[in-house]
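Everything below concerns the one structure shown next.
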Amino acid sequence: MTRSSTLALLASTAASLAHGAAVSLPLSKPAELFRRWNSHLCTCALANVAIPDSVTFQLPLENYRQDVCYSLIIPSTNTPAGQFCWNFNANSDALTLDIKPSTGYQLQGADVSFGLTAATFTSKSYSTNDGGCGLNSATGEVNCIIPWTDISGKTELRDVLSAMCPNGDREGLILYLGIDANLSENGESYVAVPRPCDATNPAYTTCDTSVPYFELAYRCTACPTCQEVTKYCSFGTAFGYKDPTLSKTLDSLSATGCNRWGWYEQVPFASLAGLTGRLLVGAGLNDLSKATDVGSWTAVVAGGKVSVTYQASTGYSLADVHVDVRCSLPTSCAPGRYTYGNTFAAATTTSGFTTSPIVIPCASGNVNLIVHAAVNRVVSVPAAEADGYTCPAM
Ligand SMILES: *[C@@H]1O[C@H](CO)[C@@H](O)[C@H](O)[C@H]1NC(C)=O
């Protein structure tokens, strides 16, 4: 269904709802059609927190008619001389007012005052005279920014949002605004103001420039529940470690690739069954104080063979595992040359794994065991950021 045909259908559905017909709304793509949030704000951290809609504004003085622009009138002659429009779209988390002159008029400046009640609508002011509003000489328009922090009187984002949306996922506050636009036309100066109409008049024909403030209501909508995607980020190489007695450093061996940190366990055959230790990452120079403990390993012996069970701690997973089992000293410290290896695809990376049984080539004396793994960090990424996600440096 195209966007416009969906909109047409919704319009006709809305019309039939107005006549009391009970139908369900066919919202095939609600997120696209009805995204009303200030999308830069709705991160996973703000899931289910109500924030002001970008453009869902109503005019309380006009029976809560919905609009985002309003005329500016020169009171003495009741002549339209411009308009102003507003939104909450600005990345600055502010009410943005854009004031435009009508053809033939030039904006000279503008003053906006603001408050949360009719009595206090001048409690804060913004003007082209003091930098609170800016006159763009290229477009001839005035832009005023009223930060949410000013509106709410709060500074922390969550406090600001809860003050801006005190009713949660419903109507927000009513803003009272005093607006003067100073214009010129053919050398004459004018002050134009909004012309709030009287909601008690059903036709809205009686509009009264003597109302000194303009009222603006807005709606808040809760940010959507956060969808997260799991990503695996390469964290590092882990070696099994048991204790200072059984664990010998790889760099004490003279075989290939042993000029590195890591350990092999030199264990009497009879002690191998049930032997368990830690999986350590990043113990450069075999310095245990630098290592990150990412899980455990256990040797299970049966029928002259040993299986090694790996268990990664929460937040880690195994990208590949390699085990070397020999009765003589290891002939290589390069994992690719161990007696056992298994690599997991990114999608099947696993937190727990048991190798198939590996033959122990002796039934007495010492067994030399290397337990190795490449370890991932498991990261939850908001779905919106998952495409092209780059793992942080670890
Ligand atoms: C607009 O005009 C009024 C009345 O003349 C004046 O008080 C005010 O300072 C002017 N504002 C700006 C921004 O020039």
Side-chain angles (χ1 to χ4, degrees), residues 52 54-55 57-62 67-153 155 160 164 173-198 204-218:
S54 301
V55 290
F57 288 90
Q58 290 176 306
L59 310 178
L61 290 175
E62 298 190 18
D67 214 333
V68 291
C69 291
Y70 206 85
S71 293
L72 291 164
I73 302 286
I74 299 168
S76 54
T77 56
N78 204 25
T79 313
Q83 68 164 8
F84 66 106
C85 299
W86 53 86
N87 65 61
F88 280 143
N89 277 329
N91 280 357
S92 48
D93 298 337
L95 175 69
T96 299
L97 294 177
D98 291 308
I99 305 174
K100 263 185 211 207
S102 298
T103 308
Y105 290 87
Q106 286 86 46
L107 261 176
Q108 307 296 324
D111 304 287
V112 173
S113 62
F114 161 80
L116 289 177
T117 64
T120 62
F121 81 98
T122 56
S123 57
K124 292 202 183 290
S125 64
Y126 307 83
S127 168
T128 46
N129 282 341
D130 64 14
C133 299
L135 174 60
N136 182 324
S137 54
T139 61
E141 297 175 13
V142 167
N143 177 259
C144 303
I145 303 277
I146 305 181
W148 289 352
T149 48
D150 281 14
I151 296 174
S152 65
T155 50
V160 168
M164 291 294 292
L173 305 172
I174 296 178
L175 311 179
Y176 293 77
L177 297 162
I179 299 177
D180 287 337
N182 294 5
L183 302 123
S184 64
E185 188 215 17
N186 293 330
E188 292 284 328
S189 294
Y190 300 96
V191 177
V193 296
R195 189 182 64 160
C197 298
D198 183 350
Y204 306 135
T205 50
T206 307
C207 298
D208 186 354
T209 48
S210 71
V211 178
Y213 48 80
F214 181 76
E215 290 183 32
L216 208 48
Y218 57 89

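When a ligand or atom number is given, it counts from 1 through the structure's own listing order. Quantities reported herein were computed from a predicted structural model and do not represent experimental measurements.
With Ile145 as the partner, the side chain to side chain contact (heavy atoms under 4.5 Å, CB included) test is satisfied by one option alone out of Leu97, Thr96, Leu95: Thr96.
For atom 9 (O) of ligand 1, the closest non-hydrogen atom on the protein side is Asn129 ND2, 3.8 Å. The protein heavy-atom contact nearest to atom 10 (C) of ligand 1 is Asn182 ND2, 2.4 Å. Nearest to atom 5 (O) of ligand 1 among the protein's heavy atoms is Val191 CG2, 4.5 Å.
Interface of Thr128 with ligand 1, defined as ligand atoms under 4.0 Å from a residue heavy atom, comprises 13 (C). Every atom of ligand 1 is numbered from 1 in the order shown, and the set under 4.0 Å from a heavy atom of Ser127 is 13 (C).
Side-chain atoms of Asp130 come within 3.5 Å of backbone atoms of Ser127 as a donor-acceptor pair (strictly under, hydrogens ignored).
Asp111 counts as a contact of ligand 1, since one of its heavy atoms falls under 4.0 Å from the ligand.
Atom CG of residue Leu216 and atom CG of residue Leu59 lie 6.5 Å apart, to the nearest 0.5 angstrom. Between atom CD of residue Glu185 and atom OG of residue Ser102 there is a gap of 9.5 Å, rounded to the nearest 0.5 Å.
For Trp86 and Tyr218, the ring centers sit 6.0 Å or farther from each other.
Judged as a ring pair (Phe, Tyr, Trp, His ring centres under 6.0 Å), not a single pair has a partner in residues 98-120 (not counting sequence neighbours).
For atom 14 (O) of ligand 1, the nearest protein heavy atom lies under 4.0 Å away.
With a 4.0 Å heavy-atom cut-off, ligand 1 is reached by no atom of Ser189.
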